[in-house]
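Some notes on the structure that comes next.
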Amino acid sequence: MSSCFLRVMLFALCALWNLPELVLAKHAGITRHYNFDIKLQKVTRLCQTKSIVTVNGQFPGPRIIAREGDRVLIKVVNNVQNNITIHWHGIRQLRSGWADGPAYVTQCPIQTGQSYVYNFTITGQRGTLFWHAHISWLRATLYGPLVILPKRGVPYPFPQPFKEVPIIFGEWWKADTETMINQAMQTGGAPNVSDAYTINGLPGPLYNCSAKDTFRLKVKPGKTYLLRLINAALNDELFFSIANHTVTVVEVDAVYVKPFKTNTLVITPGQTTNILLKTKSHSPNATFLMAARSYATGPAAFDNSTTAGILEYEHMSSMSNTKNKRPSVHRPALPTFNDTLFAMSFSKKLRSLATTKFPAKVPQTVSRRFFFTVGLGLIQCSRNQACPGPNNTMVAAAINNVSFVQPSTALLQAHFFGKSKGVYTTDFPANPPFKFNYTGTPPSNILVNSGTKVVVLPFNTRVELVLQDTSIIGAESHPLHLHGFNFHVVGQGFGNFDPKKDPSNFNLVDPIERNTVGVPSGGWVAIRFRADNPGVWFMHCHLEVHTSWGLKMAWVVMDGKRPNQKLPPPPADLPKC
Ligand SMILES: *[C@@H]1O[C@H](CO)[C@@H](O)[C@H](O)[C@H]1NC(C)=O
Ligand SMILES: *[C@@H]1O[C@H](CO)[C@@H](O)[C@H](O)[C@H]1NC(C)=O
Ligand SMILES: *[C@@H]1O[C@H](CO)[C@@H](O)[C@H](O)[C@H]1NC(C)=O
Ligand SMILES: *[C@@H]1O[C@H](CO)[C@@H](O)[C@H](O)[C@H]1NC(C)=O
Ligand SMILES: *[C@@H]1O[C@H](CO)[C@@H](O)[C@H](O)[C@H]1NC(C)=O
Ligand SMILES: *[C@@H]1O[C@H](CO)[C@@H](O)[C@H](O)[C@H]1NC(C)=O
Ligand SMILES: *[C@@H]1O[C@H](CO)[C@@H](O)[C@H](O)[C@H]1NC(C)=O
Ligand SMILES: *[C@@H]1O[C@H](CO)[C@@H](O)[C@H](O)[C@H]1NC(C)=O
Ligand SMILES: *[C@@H]1O[C@H](CO)[C@@H](O)[C@H](O)[C@H]1NC(C)=O
Ligand SMILES: *[C@@H]1O[C@H](CO)[C@@H](O)[C@H](O)[C@H]1NC(C)=O
Ligand SMILES: *[C@@H]1O[C@H](CO)[C@@H](O)[C@H](O)[C@H]1NC(C)=O
Ligand SMILES: [Cu+2]
């Protein structure tokens, strides 16, 4: 029997039983199929029922579970009135940029009644990531965990946990978020802050009318739990802590780290963190809140509420039923909302494993250097708008003074088919247009430029990028997310980056590798990556309000010379604009 015949039989069998098809030779893993049916679902939170956009009626959305080396095929069918795209946040998408998902960057949206199959292989990654909508503010309700297990038979570089639990943070609005952001962009005002944060979709007992919507984690004493933390909130970095428990950080953004213990974590939107929770050896006569609230540095209002779940030792459930023997409830102490020193010291603890098995492949030399300012500014509104800023302006956000204008067709198609004219220009500035004291007194003219500009990189360029916060309108921590790559965080500090002094302190040995990094409020961060993935790759602030205001840009990475260094043509079902 030829292997071809075997393969055909296998495909037929799999199709018949709707099982993941086993591919024989192409890659090491299996192929996993998911159906994402985008539809409206009524959900009640904070005593109010609201119709939200969901995947398969679930909120939060379904978990995707795969192993390193697997291919994942997700068929997204759009049954709502909104345009939809889904992003597989943190997946490298090696030569599969067509499956990355940001609207008008790698694809046109999936319109009402249309479908699209996202097709990618997970290469060299294992850990926790997530998926979310990548168009307008739809990720407010369209998000879910993406768990990548190690290859079969390969252990974790830490003790095998007793149980694994995703903990996904979100943000909840009583109002309709699409109406809200559309109105805000029209009127030039800031969109309202959220009404609650959520843990696995549930606000928890510290909100009015929410006690029953509380995430409970029932644990046994003396066991190790792996908590897969994901910040899917739209606009808020979060502090997180579990009362009376110390946890061990073992992984961030699907990259193992040198383990370290902590009571409190910082997690920005777009970041994921795996922690080991060792439960107490004897069931204590108490329950413990796990709580999260905002780490907020900017000038704008923010949601200052606290979400909480309950860590409950197993025998407590029976005990709490006996009325006269109520266990005590402990609340964790979280840092004050603007504790930037804590955020910086937490960030500095993160180091790559840098072992033979998991080396830190940080580029030791650099072929192109970039210095990008990130921050706010003002933009002129059109005559038919009545914007609240001086001289009919509204707040904008920019990188190197360019506020990104979303094109009306996808950049990747324009690039691939050589039709960039009228879609984008390749003159994104490598440095700020002029120097000023970035973290000192801002220039008097704080208007920003706008345009659809990209940086073009030859294949395999070793990039060093310094991201510098500005104090224009107000210094603020910006969680910058890069699509298509992991980068190494080689340095960070407060004030203005000093190109003479700071590089001598760069860590080129075991810097953390990740896909989202907080640019320190009133400071800078330096990252390095190798542009080994041809395509068009979005880079943006993961605070959705800043993305809406233009804090985003794209890198165009050219094909390499060898066939396996080229981006294949788009799939036939790629949506059109
Ligand atoms: C997924 O992509 C791979 C690699 O490009 C291709 O061989 C395969 O046919 C695709 N599968 C589907 C269902 O589109
Ligand atoms: C935003 O908040 C203001 C003040 O609380 C409220 O009047 C307004 O209706 C809210 N906007 C939306 C879209 O919910
Ligand atoms: C709960 O409702 C009370 C009374 O309306 C109000 O004072 C309080 O601020 C609310 N608390 C929260 C967390 O929303
Ligand atoms: C929890 O921590 C609080 C504050 O540190 C302490 O008073 C309490 O005894 C602890 N309780 C348990 C059960 O560990
Ligand atoms: C946030 O809420 C806390 C109480 O939970 C309060 O002490 C603090 O002043 C508030 N901060 C701001 C900036 O509103
Ligand atoms: C648990 O603690 C509560 C007070 O926090 C006490 O009333 C109760 O008797 C204790 N129960 C046990 C079984 O120790
Ligand atoms: C944090 O906020 C408080 C109250 O607004 C302010 O007094 C303090 O200076 C701020 N701290 C930092 C580090 O910005
Ligand atoms: C508004 O425009 C006027 C006239 O162009 C200019 O003199 C003034 O400085 C502007 N104000 C601001 C706050 O930009
Ligand atoms: C920039 O501004 C900061 C804050 O005001 C100040 O401490 C610093 O000396 C200024 N740097 C330069 C080079 O002027
Ligand atoms: C940004 O661009 C605007 C518009 O071209 C210009 O007026 C302003 O001076 C620039 N600001 C900075 C900080 O580069
Ligand atoms: C959906 O996307 C298409 C293609 O870009 C666009 O023409 C249309 O206006 C969009 N519809 C909505 C409701 O945004
Ligand atoms: Cu930002």
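For this chain, numbers begin at 1 and follow the sequence in order. Counting starts at 1 for both ligands and their atoms, in listed order.
Residue contacts with ligand 11: Pro109 is included, with a non-hydrogen atom under 4.0 Å away.
In this pair, Tyr118 and Tyr116 present their aromatic rings perpendicular. The plane angle is above 60°, beyond the 30 to 60° band. Using cut-offs of 30° and 60° on the angle between ring planes, the pair Phe120 and Trp88 is tilted. Taking the six-membered ring where tryptophan is involved, the planes of His87 and His89 are perpendicular, since the angle between them exceeds 60° and thus also 30°.
Distance remark: protein heavy atom not present below 4.0 angstrom from atom 7 (O) of ligand 7. Distance check for atom 11 (N) of ligand 11: a protein heavy atom is found below 4.0 Å.
Scanning Thr336, Asn338, Thr340 for the heavy atom closest to atom 2 (O) of ligand 7 points to Asn338. When the heavy-atom distances from atom 4 (C) of ligand 11 to Gln114, Gln111, Glu178 are ranked, the shortest goes to Gln111.
Applying the 4.0 Å criterion to heavy atoms of Arg71 picks out, from ligand 1, the atoms 3 (C), 4 (C). Which parts of ligand 1 touch Asn119 is read off a 4.0 Å heavy-atom cut-off, strictly below it: atoms 1 (C), 2 (O), 3 (C), 8 (C), 10 (C), 11 (N), 12 (C), 14 (O).
Here the heavy atom of the protein found nearest to atom 1 (C) of ligand 11 is Asn83 ND2, 1.5 Å. Looking at atom 5 (O) of ligand 7, its nearest protein heavy atom turns out to be Phe337 CZ, 4.1 Å.
Distance CG/Leu411 to OG1/Thr452: 7.5 Å, rounded to 0.5 Å.
Asn56 and Asn35 share no side-chain donor-acceptor pair at under 3.5 Å. Gln385 and Thr187 share no donor-acceptor pair across their side chains, judged by distance under 3.5 Å alone. Side chains of Thr268 and Tyr295: no donor on one and acceptor on the other come within 3.5 Å. Residues Tyr197 and Asp236 have side chains that bring a donor and an acceptor to within less than 3.5 angstrom of each other.
Residue contacts with ligand 11: Gln81 is placed with no nitrogen or oxygen under 3.5 Å of a nitrogen or oxygen of the ligand (distance criterion only).
No part of Val117 comes within 4.0 Å of ligand 1, judged by heavy-atom distances.
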